[in-house]
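All ligand and atom numbering here is 1-based and tracks the order in the structure. Computed from heavy atoms alone, side chains included, the values below leave out hydrogens, waters and symmetry copies.
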Amino acid sequence: MVEVTNVTEYQAIAKEKLPKMAYDYYASGAEDQWTLAENRNAFSRILFRPRILIDVSKIDMTTTILGFKISMPIMIAPTAFQKMAHPEGEYATARAASSAGTIMTLSSWATSSVEEVASTGPGIRFFQLYVYKDRNVVAQLVRRAERAGFKAIALTVDTPRLGRREADIKNRFVLPPFLTLKNFEGLDLGSMDKAEDSGLASYVAGQIDRTLSWKDVKWLQTITSLPILVKGVLTAEDTRIAIQNGASGIIVSNHGARQLDYVPSTIMALEEVVKAAQGRVPVFLDGGVRRGTDVFKALALGASGIFIGRPVVFSLAAEGEAGVRKVLQMLKDEFELTMALSGCRSLSEITRNHIVTEWDAPKPLIAPRL
Ligand code: FNR
């Protein structure tokens, strides 16, 4: 096999290895997939303003997230059904994250339970929450995550209904019969029936609470003392409301372009959110991060860290735990190199002046004639 030298290359390997239904589920975005392409394209419209002749012999990428020290500002986003990619699924991801010294977020819809993932050993982990209509189920699950040592709840707020992913509709997507939604197994919510369209879309329509609103963010704080990250914010307005309602952090996310198509890329939405947050809570980003340069651009626009989604499932499919380790290592190496070549020795030295975006005021080349 040809050596893998960047994160994107795992996608083609995964496509070859996986059954079509699984690959399509991982890869696809909503409807026209405009936002899916834009999540990547927008990064390429941000350019660097590197600083030179700075001693970059030592580069420190460490950071502290919600009080937890990690090796780099690159973390793992929640993605569902990881055992569909590899038999070790979430176990492999948890081990890879912990050996890289970073944070893994476990999906509510994992094919391994919170307890099973905790049993893989030490590691800083967040739990992603989908709010079910049955609030007893939610309260029980949050308590289990807390007991299993998870350190924060990432509350996904962009999925009152599932986005229209046409490949899943065509494939009549369902979870393979040998897998279950492990966190819900004993609650009679662990399996997904075949449907006339996407089985997952029907499951969401049946179980997920469409009435979810800001008062539920408050409610969540009455059932857990864990910090709550609101995942799926794209506007300044919602940033302010999230902070008013007690959010400990914001994740700028468009769900990997799988929900509402024609929302902006997350890197384009980031700065608006950062400004609205006014430094009161950390702001994170996910969506389309595939290069160390992307990580740097997000930090230059004010993110405290980023999360990766698809690279994890694609590398899992290709090489299991070793693949996820390699993805994290490649991103780390590229990010370190970007810092060195930009003249930044620590994350605090990365500034807005290290990049230029198309929405920055043009600098006139010729003095205007008066
Ligand atoms: C996701 N995402 C997601 N989000 C969430 O809150 N709960 C979930 O269970 C899932 N599941 C899921 C499965 C798959 C296959 C994908 C691709 C995405 C969204 C995910 O957390 C994240 O927002 C995006 O994946 C980030 O974009 P990239 O890195 O995939 O471009």
Side-chain angles (χ1 to χ4, degrees), residues 7-8 10-11 14 18 21-30 33 35-43 74-86 89-90 93 103-112 126-132 141 152-160 162-163 165 167-168 173 175 181-184 192 198 200 203-204 207-208 212 229-234 250-260 263 265-267 269-270 284-291 294-295 298 303 305-317 324 327-328 331:
V7 165
T8 307
Y10 276 119
Q11 180 158 358
L18 289 173
M21 187 187 284
Y23 173 78
D24 284 353
Y25 170 72
Y26 291 144
S28 56
Q33 305 191 108
T35 298
L36 184 64
E38 180 65 5
N39 268 357
R40 286 296 308 130
N41 292 339
F43 278 109
I74 301 166
M75 297 167 280
I76 294 184
T79 50
F81 320 144
Q82 293 185 0
K83 284 192 179 171
M84 211 166 61
H86 188 274
E90 294 83 6
T93 305
I103 293 166
M104 168 195 186
T105 315
L106 184 73
S107 168
S108 274
W109 293 339
T111 40
S112 316
F126 295 167
F127 181 69
Q128 176 269 328
L129 184 68
Y130 280 129
V131 177
Y132 280 58
L141 185 55
I153 301 292
L155 175 67
T156 301
V157 294
D158 56 16
T159 312
L162 202 73
R165 306 161 191 177
D168 293 349
F173 174 80
L175 198 56
L181 302 164
K182 269 280 173 171
N183 287 317
F184 301 97
M192 200 182 288
S198 154
L200 181 60
Y203 180 86
V204 169
Q207 304 303 338
I208 300 302
L212 194 72
L229 305 175
V230 179
K231 175 177 183 283
V233 173
L234 290 170
I250 305 283
I251 305 175
V252 176
S253 173
N254 53 33
H255 211 113
R258 293 156 77 81
Q259 287 297 105
L260 181 60
V263 293
S265 66
T266 48
I267 196 69
L270 175 62
F284 305 98
L285 169 140
D286 72 30
V289 176
R290 302 291 181 267
R291 284 285 189 187
D294 300 335
V295 180
I306 63 86
F307 293 85
I308 50 168
R310 288 181 187 81
V312 171
V313 285
F314 292 149
S315 59
L316 258 184
V324 183
V327 156
L328 292 169
L331 283 174

Note: ligand 1 atoms sitting under 4.0 Å from heavy atoms of Y26 are 15 (C), 17 (C)
The answer for which part of T79 has a heavy atom under 4.0 Å from ligand 1 is both
Point to revise | Under 3.5 Å: donor-acceptor pair, side chain of R291, backbone of F43 | key: no
So the atoms of ligand 1 within less than 4.0 Å of a heavy atom of G288 turn out to be 27 (O), 28 (P), 29 (O), 31 (O)
Are any of the heavy atoms in R40 under 4.0 Å away from ligand 1? no
Counting from 1 in the order shown, the ligand 1 atoms closer than 4.0 Å to a non-hydrogen atom of Q128 are 5 (C), 6 (O), 7 (N), 8 (C), 9 (O)
Checklist entry - Is it the case that E90 and T111 place a side-chain donor and acceptor less than 3.5 Å from each other? => result yes
Does either side chain, that of D286 or that of S253, offer a donor lying less than 3.5 Å from an acceptor on the other one? yes
Residue, atom and distance of the protein heavy atom nearest atom 11 (N) of ligand 1 read A80 N, 3.1 Å
Counting heavy atoms under 4.0 Å, the part of R310 that contacts ligand 1 is both
Check your understanding: Side chains of Q33 and R258: do they bring a donor and an acceptor to under 3.5 Å?
Key -> no
Per-atom filter on ligand 1: closer than 4.0 angstrom to a heavy atom of D286 are 22 (C), 23 (O), 26 (C)
Any heavy atom of Y130 under 4.0 Å from ligand 1? The part involved is side chain
Please indicate whether any nitrogen or oxygen in V313 is less than 3.5 Å from any nitrogen or oxygen in ligand 1.
no
Min side-chain heavy-atom separation M75-F284 under 4.5 Å: yes
Here the atoms of ligand 1 under 4.0 Å from any heavy atom belonging to G287 are 26 (C), 27 (O), 31 (O)
At under 4.0 Å between heavy atoms, what of R290 touches ligand 1? The answer is side chain
Looking only at protein heavy atoms, what sits closest to atom 6 (O) of ligand 1 is T156 OG1, 2.6 Å
Ligand 1 atoms nearer than 4.0 angstrom to some heavy atom of S253 are 23 (O)
Atom 4 (N) of ligand 1: closest protein heavy atom, distance to 0.1 Å, is K231 NZ, 3.0 Å
Indicate yes or no: at least one non-hydrogen side-chain atom of I251 is less than 4.5 angstrom from one of F126.
no
On a heavy-atom basis, the closest approach of L141 and N183 is CD1-CB, 3.8 Å
Checking side-chain polar atoms at under 3.5 Å, does Q82 have a donor or acceptor matched by the opposite partner on Y26? no
side-chain contact (heavy atoms from CB on, under 4.5 Å) filter on A42, not counting sequence neighbours, yields E38, R45, S265, I267, M268
Honestly, for P78 the part within reach of ligand 1 (heavy atoms, under 4.0 Å) is both
If we number the atoms of ligand 1 from 1 as shown, the ones under 4.0 Å from a heavy atom of S107 are 8 (C), 9 (O)
the protein heavy atom lying closest to atom 19 (C) of ligand 1 turns out to be H255 CD2, 3.5 Å
Check: T156/Q128 side-chain N/O donor and acceptor closer than 3.5 Å: yes
Answer with yes or no whether Y25 contacts ligand 1, where contact means a heavy atom under 4.0 Å from a ligand atom.
yes
Ranked by distance from atom 25 (O) of ligand 1, the top protein heavy atom is G309 CA, 3.5 Å
With I76 as partner, the option from T93, T105, L106 fulfilling side-chain contact (heavy atoms from CB on, under 4.5 Å) is T93
Taking it one step at a time, do N39 and T266 satisfy side-chain contact (heavy atoms from CB on, under 4.5 Å)?
CA-CA 6 Å; N39 268 357; T266 48; 4.1 Å; yes
